Amino acid sequence: MITGDLIRLRAFEPADADALWRWNHDPDVMRWMDQYYVNSLDQARRGLADRERNSYGDVLYAVEVIADGNLIGLVRLRDAEPEIGAAELDVYLGEKDYWGRGYATDAMRTICRYGFDSMRLHRIGLTVVEANEAARRVYAKVGFVEEGRLWDAFRRDGQWYDKISMGLLEGELT
Ligand SMILES: CC(C)(COP(=O)(O)OP(=O)(O)OC[C@H]1O[C@@H](n2cnc3c(N)ncnc32)[C@H](O)[C@@H]1OP(=O)(O)O)[C@@H](O)C(=O)NCCC(=O)NCCS
């Protein structure tokens, strides 16, 4: 268990598959996420049950609210490269009632601190769709800096959007 101020991070359990599947079928949650093919509930259940244990190359944690114990989202550090200590980060909160209360900011701080302190990462990177203002605000709040732009890298409802590439170096977490 990895504890932040408002949330804690824990391993996913097979029983969490139903929540994950529900989030992945909510258009508001998935609006700015890369998801073009949806999975069945059975596939989601088997996916979690068969998932390899967390390790340096792929760490997936459930985000749980300390105050009420509810599961509200996930964070993932993936594709870590030991030679340069770099990994990519994904975050999302599937429980919309919990948006706007600082939980994603705390989850980001907590997983980044874990990445730098426990995994000895030097760099954490991510990409975000330019129109995802809330996510960009969260990333900027914890210290991520814009590094570049991927032109027309995301398509939603017939419209193209750029993706912004962001990075956070060891020692720059705020
Ligand atoms: C984006 C997301 C992670 C934010 O989670 P959250 O818990 O609501 O975030 P926080 O409450 O910690 O912070 C949100 C910040 O964005 C700001 N914000 C919210 N909507 C905004 C908007 N439309 N424009 C600008 N800022 C906005 C809030 O005011 C807050 O900033 P503040 O603390 O300076 O006031 C969450 O809404 C989510 O998971 N969405 C769906 C999946 C997703 O888009 N994931 C990111 C993929 S890259």
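As the structure is a computational prediction, the values presented were derived from the model and not from experiment. Numbering of ligands and ligand atoms starts at 1, following listing order.
Each of the atoms 39 (O), 42 (C), 45 (N) of ligand 1 lies under 4.0 Å from some heavy atom of Tyr92. For ligand 1 and Gly100, the ligand atoms under 4.0 Å from any heavy atom of the residue are 6 (P), 7 (O), 8 (O), 11 (O). Shown in contact with Tyr139 at under 4.0 Å from a heavy atom are these atoms of ligand 1, numbered in order with element: 46 (C), 47 (C), 48 (S).
Ligand 1 has no nitrogen or oxygen under 3.5 angstrom from a nitrogen or oxygen of Thr127. Where the criterion is an N or O separation shorter than 3.5 Å, residue side chain and backbone included, Leu93 meets it with respect to ligand 1. Residue contacts with ligand 1: Val128 is placed with no nitrogen or oxygen under 3.5 Å of a nitrogen or oxygen of the ligand (distance criterion only). Considering backbone and side-chain N/O atoms, Ala104 comes within less than 3.5 Å of an N/O atom of ligand 1.
When non-hydrogen atoms are compared, ligand 1 lies under 4.0 Å from the backbone of Val91 (N, CA, C, O) but not from its side chain. At a heavy-atom cutoff of 4.0 Å, ligand 1 is contacted by the side chain of Lys141 but not by its backbone.
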Which pairs of donor and acceptor atoms, one on a side chain in residues 125-132, lie under 3.5 Å apart (sequence neighbours left out)?
| unit_1 | atom_1 | unit_2 | atom_2 | d |
| --- | --- | --- | --- | --- |
| Glu130 | OE1 | Arg149 | NH1 | 3.0 |
| Glu130 | OE2 | Asp162 | N | 3.0 |
| Asn132 | OD1 | Ala135 | N | 3.4 |

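Rounded to the nearest 0.5 angstrom, Trp32 CH2 and Met30 CE are separated by 13.0 Å.
Relative to the ring axis of Tyr103, Arg101 does not place its NZ or CZ within 45° and under 6.0 Å from the centre.
Residue contact annotation: Gly73 has no non-hydrogen atom under 4.0 Å from ligand 1.
The salt bridge (charged side-chain N to carboxylate O under 4.0 Å, His left out) with Arg123 is formed by just one residue from the set Glu172, Glu147, Glu83; it is Glu147.
Taking the charged nitrogens against the carboxylate oxygens, Asp42 and Arg46 do have a contact shorter than 4.0 Å, which makes a salt bridge.
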